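First the structure, in the form of structure tokens, and then the observations on it.
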Amino acid sequence: MENYSEQEIIRRQKLARLRELGVEPYGEKYDVTHYAADILGRFDSSEDIPEGQQVALSGRLITVRAHGKASFANIQDESGRIQIYARQDDIGEREYEIFELLDIGDIIGLTGEVFRTRRGEITVAVKIFRPLVKALRPLPEKWHGLTNVDLRYRQRYLDLIVNPDVKKVFILRSKLVQEIRNYLNNQGFLEVETPMMHSIAGGASARPFITHHNTLDMNLYLRIATELHLKRLIVGGMDKVYELGRIFRNEGISTKHNPEFTSVEIYQAQADYQDMMHLTEDLIAAVAQKVLNTQTVTYMEQELNLTPPWPRLTMIEAIRKYVNVDFDEISTNQEAQDIARQKGLDVKKNATRGELMNEMFEEYVEKHLFQPTFIVDYPIEVSPLAKRKTDDLTMTYRFEAFMAGSEIANAFTELNDPVDQRERFEQQVAKREAGDEEAQMLDEDFVLALEYGMPPTGGLGIGIDRLIMMLTDSPSIRDVILFPTMRPRE
RNA sequence: GAGCCAUUAGCUCAGUCGGUAGAGCACCUGACUUUUAAUCAGGGUGUCGAUGGUUCGAGUCCAUCAUGGCUCACCA
């Protein structure tokens with residue numbers, strides 16, 4: 001017992017006392033007729049739940065105000081909190097003794113009658129109650145709740161019990177994700193599942209996690225994207241597919257990055273990046289309208305207007321606007337390097353015009369893009385899976401969507417020329433061999449698929465977690481991931 | 001990976017100049033049958049993140065480590 005705190009010891013003693021009284025502290029299910037919110041919402045209203053109505057509910061005890069031979073308490077169930085009132089005169093001496101053995105945090109079932117107290121609070125007068133679960137540890141404080149972020153993430157269940165707003169965010173997340181699926185399904189897209197373990201980690205520029213398969217005696221990578229498998233399905237004639245699920249990138253952790261995160265990738269044959277742009281803005285606006293009942297949300301005390309159409313700006317225009325550099329006037333790598341240095345970028349020796357354009361954009365433009373904005377036409381060097389523009393072979397039909405300074409979507413007209421794709425991969429491999437761990441690997445099997453012919457296709461990826469952050473006004477990605485990646489304690 | 005900050009009771013937090021560890025909530029004892037941050041009277045429940053060091057003496061100063069947060073780097 002020495003390892004237990006005083007409060008834990010007392011709770012264990014109460015547990016033993018319950019058993020002495022013939023009460024099992026971990027009881028069976030309780031048949032409930034109502035949730036707290038039902039009662040609060042429907043009491044009195046058109047006689048739906050009249051005064052004296054009998055209700056059965058179950059919940060966790062979160063406050064107790066004992067007054068000798070009677071007690072007020074609040075219980076919390078899935079729907080919310082409601083006050084209960086237990087009187088010795090109503091339940092009897094023995095039952096009241098059992099009631100007094102309850103602690104904050106215990107789960108009970110009860111049956112009683114709804115009434116309104118003198119002060120007007122809708123309350124259930126307990127007639128029958130049963131302890132269902134004894135909590136052996138005290139809950140965090142009722143007043144400040146749990147604020148230690150370390151504990152909130154590690155013991156999310158406590159966070160959910162004592163901080164009701166946290167639960168709201170995750171309910172919203174669930175609804176938003178469901179609505180994304182509804183939207184896509186209604187548009188005729190087919191949800192598919194592709195492998196999470198890849199022999200080649202492709203479809204994005206990122207370092208993968210490595211795992212090992214014993215029987216095959218080979219290393220496998222956790223997927224960093226779903227792209228290459230979904231495009232194989234397009235080759236196979238599944239013309240409208242999407243996958244919504246977890247991907248894994250072995251990168252740093254920050255308020256905007258978690259090693260595992262959720263993306264939805266969407267591919268449509270006989271579509272291009274313009275179609276994907278329409279899809280992006282329409283999907284996000286529609287989902288917000290459906291779930292939040294609005295297309296303007298507040299993020300970080302600023303209003304975000306999601307109503308389509310979102311402004312489109314080519315990358316070159318955006319750089320011209322925010323950095324006052326005109327890449328249309330820059331044709332050589334040398335010129336680009338000079339101006340990039342002049343603007344304060346750390347320029348690598350072999351940096352190309354396209355790479356520097358992208359760097360300048362990321363460094364100086366991204367943070368300005370608060371309202372939803374499409375940045376269109378990306379340099380070919382940073383877009384190895386996107387189709388080359390016919391009127392400018394150094395650029396691709398690609399866009400990214402930005403909101404609140406964060407990238408939330410990435411899309412292109414998919415590269416379907418197998419010869420070009422192989423060359424692009426080979427350039428990536430060269431970068432890789434030069435030490436760029438994030439450069440892509442050559443996926444022969446994918447090129448093989450392209451050689452059989454992939455129809456003209458538009459593809460789109462949306463970062464679900466970031467989108468949820470914006471739509472729930474959450475400052476950190478950890479606020480929208482139930483169990484964010486943490487170092488184990490000790 | 002780098003810099004800054006934090007770590008004290010179950011929770012939220014004070015702790016001065018280095019001198020025997022504090023508050024609120026929670027908990028315990030007693031009173032109280034419509035309270036609601038219930039109230040009233042009493043009670044402090046602790047490996048001060050860990051390990052070393054300086055010192056007569058360390059929650060406090062120094063070093064290292066651990067975990068977390070923020071900023072940056074990388075990335076989406």
Side-chain angles (χ1 to χ4, degrees), chain A residues 2-11 13-14 62-74 81-91 96 103-105 115-123 125-126 135-155 158-159 161-163 203-208 224-225 247-265 346 362-363 366 400-403 405-410 436-438 461-467 469 475-478 484-490:
Chain A
E2 290 136 44
N3 293 330
Y4 294 130
S5 71
E6 183 202 30
Q7 298 198 38
E8 289 174 89
I9 291 165
I10 288 163
R11 281 167 184 251
Q13 288 167 348
K14 287 179 179 172
I62 49 162
T63 62
V64 178
R65 294 173 293 284
H67 296 258
K69 300 289 183 279
S71 296
F72 286 94
N74 287 84
R81 299 175 174 185
I82 191 167
Q83 178 165 273
I84 63 172
Y85 179 54
R87 269 199 332 169
Q88 194 179 78
D89 287 354
D90 289 340
I91 64 177
Y96 198 76
D103 283 304
I104 289 171
F115 74 108
R116 206 183 273 276
T117 64
R118 270 181 212 156
R119 302 286 274 272
E121 179 154 355
I122 297 165
T123 301
V126 178
L136 296 180
R137 290 172 185 265
L139 285 181
E141 198 211 2
K142 63 181 175 188
W143 194 233
H144 300 90
L146 186 66
T147 59
N148 181 322
V149 287
D150 192 7
L151 293 181
R152 284 186 48 217
Y153 300 146
R154 288 183 199 279
Q155 296 182 275
L158 292 179
D159 196 24
I161 291 169
V162 303
N163 298 326
S205 300
R207 292 163 64 185
I224 58 172
I247 57 182
F248 308 86
R249 296 189 184 174
N250 207 339
E251 307 282 357
I253 295 176
S254 79
T255 49
K256 287 181 184 172
H257 302 86
N258 195 63
E260 50 178 316
F261 64 103
T262 301
S263 79
V264 59
E265 286 193 34
D346 185 21
E362 288 181 351
E363 189 68 23
E366 262 190 41
E400 291 189 333
F402 291 85
M403 262 164 72
S406 278
E407 179 195 336
I408 56 149
N410 179 20
D436 183 351
E437 285 186 81
E438 278 151 21
I462 299 174
I464 295 293
D465 309 273
R466 285 195 181 166
L467 181 62
M469 282 169 68
S476 167
I477 198 166
R478 297 187 194 96
T485 305
M486 304 281 276
R487 274 203 174 85
R489 239 179 181 166
E490 284 158 340

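Each chain gets a letter, A, B and so on, in the order its sequence line appears, and its residues count up from 1. Since the model is a prediction, treat every value here as computed from it, not as a measurement.
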Base-pairing mate for B:rU60 - Watson-Crick or G-U, with both contacts under 3.5 Å: none
5'-most by nearest nucleotide on RNA chain B - A:E251 or A:R487: A:R487
Quiz item: A:R118 side-chain donor-acceptor pair to B:rU34 base, under 3.5 Å: no
Distance in angstrom units between A:R154 CZ and B:rG69 C1', rounded: 12 Å
Interatomic distance where CD1 belongs to A:I253 and P belongs to B:rA76 [whole Å]: 16 Å
Sugar-phosphate, base or nothing in reach of A:S205, heavy atoms under 4.0 Å: sugar-phosphate
A:E260 versus A:F248, closest heavy-atom pair with distance: CB-CD2, 3.6 Å
Spacing of A:E6 atom CD relative to B:rC25 atom C1', expressed in whole Å: 15 Å
Phosphate OP1/OP2 of B:rC28: any A:K14 side-chain N/O under 4.0 Å: yes
Pairwise C1' distance, B:rC25 and B:rG43 [rounded to whole Å]: 16 Å
B:rC27 OP1/OP2 closer than 4.0 Å to side-chain N/O of A:R11: no
Phosphate-side-chain proximity, A:R466 and B:rA76, N/O vs OP1/OP2 below 4.0 Å: no
Beyond-backbone contact of A:D90 with A:V126, side-chain heavy atoms, under 4.5 angstrom: no
4.5 Å side-chain heavy-atom contact, A:R249 and A:F261: yes
Carboxylate-amine/guanidinium proximity below 4.0 Å for A:E8 and A:R137: yes
Beyond-backbone contact of A:K142 with A:I62, side-chain heavy atoms, under 4.5 angstrom: no
Pair partner, B:rA26 [Watson-Crick or wobble, under 3.5 Å]: B:rU45
Presence of A:R65 side-chain N/O under 4.0 Å of B:rU36 phosphate oxygens OP1/OP2: no
Sugar-phosphate only, base, or nothing, as touched by A:G252 at under 4.0 Å among non-hydrogen atoms: base
Polar pair under 3.5 Å, donor/acceptor by atom type, side chain A:E141, base B:rA26: no
Sugar-phosphate, base or nothing in reach of A:S406, heavy atoms under 4.0 Å: nothing
Centroid distance under 5.5 Å and plane angle under 30°, A:F261 vs B:rA76: yes
Nearest-Å distance for atom pair CD/P, residues A:E437 and B:rG1: 14 Å
Distance between P atoms of B:rA38 and B:rG44 (Å, rounded): 24 Å
Close side-chain approach of A:L158 to A:L151, heavy-atom, < 4.5 Å: no
C1' spacing across the pair B:rG10 / B:rU45, given as an integer number of angstrom: 10 Å
Nearest-nucleotide pick for A:H144, side chain only, options being B:rC27, B:rU12, B:rA73: B:rU12
Whole-Å distance separating the CG atom of A:L139 from the P atom of B:rA37: 19 Å
Whichever of A:A206 and A:S476 has its nearest RNA chain B nucleotide further upstream toward 5': A:S476
Sugar-phosphate only, base, or nothing, as touched by A:R119 at under 4.0 Å among non-hydrogen atoms: base
Inter-nucleotide C1' distance (B:rU67, B:rC74), Å rounded: 22 Å
Candidates B:rA76, B:rC11, B:rC70 - which lies nearest the side chain of A:E407: B:rA76
Paired nucleotide for B:rA66 [Watson-Crick or G-U wobble; both distances under 3.5 Å]: B:rU7
Base-pairing mate for B:rG1 - Watson-Crick or G-U, with both contacts under 3.5 Å: B:rC72
Polar side-chain contact A:Q88-B:rU33 base: donor and acceptor under 3.5 Å: no
Pi stacking test for A:W143 and B:rC25: under 5.5 Å apart, planes under 30°: no
Sugar-phosphate only, base, or nothing, as touched by A:N258 at under 4.0 Å among non-hydrogen atoms: base
Span that lies between the C1' atom of B:rC56 and that of B:rG18, in whole angstrom: 12 Å
Whole-angstrom distance between B:rU60 and B:rU55, as gauged at atom P: 16 Å
By side-chain hydrogen bond (donor to acceptor under 3.5 Å, both in side chains) - contacts of A:E362 (at least two apart): A:N358
Phosphate contact (B:rG10 OP1 or OP2) by A:R137 side-chain N/O below 4.0 Å: no
Value in whole Å for how far the C1' atom of B:rA76 lies from CZ of A:R478: 15 Å
Mutual orientation of the aromatic rings belonging to A:Y85 and A:F72 [parallel < 30°, tilted 30-60°, perpendicular > 60°]: parallel
Within-4.5 Å side-chain heavy-atom neighbours: A:N410 and A:E400: yes
Touch class at under 4.0 angstrom, heavy-atom based, for A:G461 against every strand present: nothing
Nearest listed nucleotide, side chain of A:R87, among B:rU33, B:rC11, B:rC28: B:rU33
B:rA41 and B:rG46, which share atom name C1', separated by this distance in whole Å: 26 Å
Interatomic distance at C1', B:rC5 relative to B:rG24, whole Å: 25 Å
Under-3.5 Å donor-acceptor pair between A:T147 side chain and B:rU12 base: no
Sugar-phosphate, base or nothing in reach of A:K142, heavy atoms under 4.0 Å: sugar-phosphate
Check: B:rU35 base within 3.5 Å donor-acceptor of A:Q83 side chain: yes
Distance in angstrom units between A:N148 CG and B:rC25 C1', rounded: 17 Å
Trace of the side chain to side chain contact (heavy atoms under 4.5 Å, CB included) decision for A:I247 with A:I224: CA-CA 5 Å; A:I247 57 182; A:I224 58 172; 5.9 Å; no
Nucleotide nearest A:Y85 when distance is taken to its side chain, options B:rU34, B:rC70, B:rC28: B:rU34
Sugar-phosphate, base or nothing in reach of A:A66, heavy atoms under 4.0 Å: base
Heavy-atom donor-acceptor pair, A:D150 side-chain to B:rU67 base, under 3.5 Å: no
Distance in angstrom units between A:H67 NE2 and B:rA37 P, rounded: 11 Å
